[in-house]
Structure formats: structure tokens, C-alpha cells
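Working notes, structure below.
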Amino acid sequence: MAKATHKWAFKPGMRAGAYSWKSSSKAIERLKSASSEIRAVARVDPLTAAEGVIALAQRIWPAFEHIDTSSGALGNAVRRTLEELLPVLIEAPADEKTRAKWLEQLREAIEDDGVDYLAPIADCFGQIAAYPSLMNLHADRDLDMIEAAWADHVHFIHVPTGTLTLSCLLEAGRYDELLALLARKKTRLWFDEKFGAEALLRQGREDEALARAEALLLDQRRQWGHVEISQFCERILVSQGREEDAYLRFGLPSASGNTYLAMWRNLVKRYPDLDARRILEDLIETQGSKGKWFAAAKTARFLDIALECAAHYDAAPATLIRAARDLKLKEPSFAMQVALQAIRHLVEGRGYEPSPLDIDEAVEHLMVAAARIDEVDQARQALQRIARSALSAGLMADRLARNIAALSAGDRDI
């Protein structure tokens, strides 16, 4: 009896032309829902889940074709989704005949893909193939055409199956052919060069692999994928026991994260044997924007560094005020200094859309913290010094003067 076909909930929402120009957010939510559905099925039926990944991949370009992708949000969401689902596809317990069918479906989707949404799948095509016979079959399919296209240095000829061919050559162990094919290209980009570098690495030619990748970083133009290139080089040096060299040459430049705190945590995780404080100091020195590192230093509990950051001109007053609010009872001395820096920045005209009410809030947190450590008089004197140092009268300076007057008159609660 034939096995019943699984009914995927995501399919109706991934019809061709289903999304209009401004539907990026809706499409991203659909991707999240599809990924969750596939991963849930993978826990009980990995083979069906793999077929779900293919069904999704086949629908991405037809469904998203008309969406404005200029912000990059949708492209990033597609990449994250596919990278999340690739293990489902690669590790599925499929026989050779089944995988042969999958590969044909994926190959057709890649050829039809208008903006390389399916690049993560092309990158791993050789791994998806799994069987050497399939790797070689797809490596050879367009090999002559790719050689001719890449040897033509006058005209730009894009071959949609170029990446999947490189992936299959790599996984089939055809390293010499892979390197010879790359040598035909006029331009060197990490899109393709990563396969050559990995081929060298798999042959134990670590120094050559390192040199090949690092050459792209030394290009005066900022190479696409510079973080990925740096991490590839870093991996080689770490494997050779050259951790300090790896950290300085590639680790620091490739620190990544959506926030400064995330960047620090990223490096601390990659280099657990290095001093976390040193890593933070190195990041501040190499990345710049010292004031922006305040929250990272505070959360990492390096409060002396946080105070140095708070004093820097590009520290955000709003961030400092929140920190003073949160720590005025637990770390009153620190909160007091942070509140004073916030007030100074506001009076000097810094901050994003500042309000006079920010002065009131900062003064309130300052005085609560000061009272906790019996330094109320010192806090008032510090406020007066800030007021005297104001370069010109203004809304913030006037508001500070009113707060100082209220404190002197005993009208402000502490």
C-alpha cells in the first residue's frame, strides 16, 4: 500500500505570485511558520521532513518573486531558514534513487531562482547528494559549459549551476579539477574561492589554504564575506595551536553580533582561554565608538570600563539613565557616576531626541543613589559644577538649574 502524501500547512501560503511588492514582513513570518512545521515533522519522520524542505525550496522564488528585497531583510530570512533546514535534508535516511529525484528537483529550482535565494542549498549540494555517484553526476553535468563561461574574460556569463558544481567536485574529492576550474575565473570572490580553500585544507595543505583565503582580506576593497573568510583563516590557526595569532589577526576583526554585547560574547565563546576583560578592551580599541560599549561593559560587570565608556562623547544619555535607574539601589556609587555623565551629555547637547524630562529623571536617580551612600552633598556639588561648565544657556541647562534650585530649597524628594 502506497504511503499517504503528507499535507503541508505552509504550501497554500507559498503559491506562485502570492506576495506583492510590500509583503516582505508577511513572507518572513511565513518562512518562520514553514520552518517550525518542517522541524516538528523531522522529529518523527525525517524522510517526509526532507521532502518538505524541497517543497519549500521549490516555492520560494515563485512566491517571493514580486517582493521588494532592497532592505535585505527577506534575503537574510530566506538564508537563515534554509541554513536551519539543511541538516534535515542532508541527514535524511534516503536511498540513492530518492536522493537522485530530490537533486533534480533542487537543481531545477536553483536554475529558475531569480535572485540566488537558494544559494545555501547550492553551497551544500554535494553534501545533499550524499552518494559519490550522484556527486559525480552533478559535477559533470555542466562542467564543460562552466569552463567555457569562466574562461571568457570579455563577457560576463552567469551559470546558475556553477556553485552546485563546485560543491559536488569538492565532496567527490576531485580537488585538482576544482582548483583548475577556479583558475579560469577572472575575478576571485569568496562565493567560489571558499571551495578552493576548503579543497586545499582537506588535502592537508593548510598554509596554502590560509594564504588563498587571506589574500582576499588583503584586497583594498572590502571583500564580501569578510567575516566568513576571517573565521576560515582563524579556524586553521587555532587547529595549529596558534590561538593568540588567530585571535589578533582574524578573531578580533571578525567579531560579530547584533549588539556590542553580542560581539563580546561571541569572542569570549570562541576564545574561552583568553581573559574576558582583555577581549572587551581589545574590542573597544579596534572597533571604536567607545561610548557605545557602555552597556556591554556594564553587563559584563567591568564597571570601571563602563564608567570610562559613559564619559565618552558618543555614549547615549538614555542608556545611561536606564542603567542609573536599574542600579541605583544595587550599585549606588556606580549609578551615581553614570547619572552624572548622562546629565553632562544632555547639557552639552548630546542624545537622540532628548527631552528636558530626561534631566529630571537622571537627577532623581542620582539623588536616590547618593542617599544610599550618604553622598547627597557631593551629588549637589557635582550638579553645580556641570551647570557652571555649560557652554551656553539652553533648555537642558535651564532644566538642570531648576532641579538644582529645587534641591537647594528642599522641594525634591530623595
Side-chain angles (χ1 to χ4, degrees), residues 1-19 26-65 67 74-142 160-161 163-168 170-172:
M1 183 175 178
K3 180 181 177 182
T5 302
H6 183 82
K7 188 174 182 179
W8 291 101
F10 70 79
K11 282 186 177 182
M14 293 292 290
R15 303 181 313 276
Y19 298 90
K26 185 178 178 182
I28 291 171
E29 288 304 312
R30 179 65 65 183
L31 285 171
K32 291 179 181 177
S33 175
S35 178
S36 296
E37 182 184 6
I38 292 169
R39 285 184 287 112
V41 171
R43 289 192 284 270
V44 295
D45 189 348
L47 198 60
T48 295
E51 292 172 347
V53 177
I54 293 168
L56 177 63
Q58 289 176 303
R59 286 163 172 75
I60 286 175
W61 168 247
F64 297 168
E65 181 178 2
I67 300 177
L74 180 57
N76 289 333
V78 171
R79 174 171 285 275
R80 284 195 303 271
T81 299
L82 293 178
E83 289 177 347
E84 190 174 65
L85 295 175
L86 271 169
V88 174
L89 192 54
I90 293 170
E91 297 167 12
D95 58 28
E96 187 170 345
K97 182 178 178 181
T98 300
R99 284 203 178 267
K101 182 185 72 171
W102 290 354
L103 292 173
E104 293 300 332
Q105 293 172 321
L106 291 172
R107 188 184 190 97
E108 183 178 353
I110 290 169
E111 289 174 343
D112 293 340
D113 186 0
V115 293
D116 280 346
Y117 277 134
L118 303 185
I121 289 179
D123 282 345
C124 297
F125 207 84
Q127 293 171 264
I128 298 169
Y131 296 93
S133 60
L134 295 178
M135 295 174 192
N136 285 304
L137 173 67
H138 286 273
D140 291 329
R141 180 86 64 87
D142 293 338
T161 55
T163 299
L164 74 83
T165 299
L166 292 172
S167 177
C168 288
L170 176 67
E171 297 304 327

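When a residue number appears, it is its place in the shown sequence, counting from 1.
Note: L166 CG to L170 CG = 8.5 Å, rounded to the nearest 0.5 Å. Atom OG1 in T81 sits 7.5 Å away from atom CG in L56 (nearest 0.5 Å). Of the inter-residue distances, the one linking I121 atom CD1 with R107 atom CZ reads 14.0 Å to the nearest 0.5 angstrom.
Of the possible polar contacts, none joining the E171 side chain to the A130 backbone as a donor-acceptor pair under 3.5 Å is found. The main-chain N or O of V41 is never found under 3.5 Å from a side-chain atom of D45 such that the two would form a donor-acceptor pair. A distance-only check finds no donor-acceptor pair linking the side chain of D116 to the backbone of A119 [under 3.5 Å]. A donor-acceptor pair under 3.5 Å is absent between the side-chain atoms of R59 and the main chain of A16, judged by distance alone.
Taking the six-membered ring where the residue is Trp, F64 and Y19 present perpendicular rings, their angle passing 60° and hence far from 30°.
The shortest side-chain heavy-atom distance between H6 and E51 does not fall under the 4.5 Å cut-off. A heavy-atom distance below 4.5 Å is found between the side chains of I38 and W8. Counting heavy atoms from C-beta on, the side chains of L164 and L103 never come closer than 4.5 Å. Within the 4.5 Å cutoff, side-chain heavy atoms of S35 are placed close to those of L85. With contacts defined as side-chain heavy-atom distances shorter than 4.5 Å, the pair F125/T163 does not qualify. Taking the side chain as every heavy atom from C-beta outward, E96 and S133 approach each other to under 4.5 Å. Looking only at side-chain heavy atoms (C-beta outward), Y117 and L74 come within less than 4.5 Å of each other. L86 is listed as a side-chain neighbour of P120, based on a closest heavy-atom distance under 4.5 Å.
For the residue pair D142 and T161, a side-chain donor N or O sits within less than 3.5 Å of a side-chain acceptor on the partner. There is no side-chain donor-acceptor pair under 3.5 Å between Q127 and S167.
A77 and I28 make their closest contact through CB-CG1, 3.7 Å (heavy atoms, listed as atom of the first residue, atom of the second, distance). Scanning both residues, R99 and A94, for their nearest heavy atoms gives CG-CB, 3.8 Å.
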Query raised in the report: Step by step, would you call K26 with E29 a salt bridge (Lys or Arg N to Asp or Glu O under 4.0 Å)?
Result: CA-CA 5 Å; K26 185 178 178 182; E29 288 304 312; over 6 Å; no
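A 6.0 Å sphere centred on CD of E111 holds more than 12 heavy atoms belonging to other residues, nucleotides or ligands.
Salt bridge R141/E104: present, at least one basic N to carboxylate O contact under 4.0 Å.
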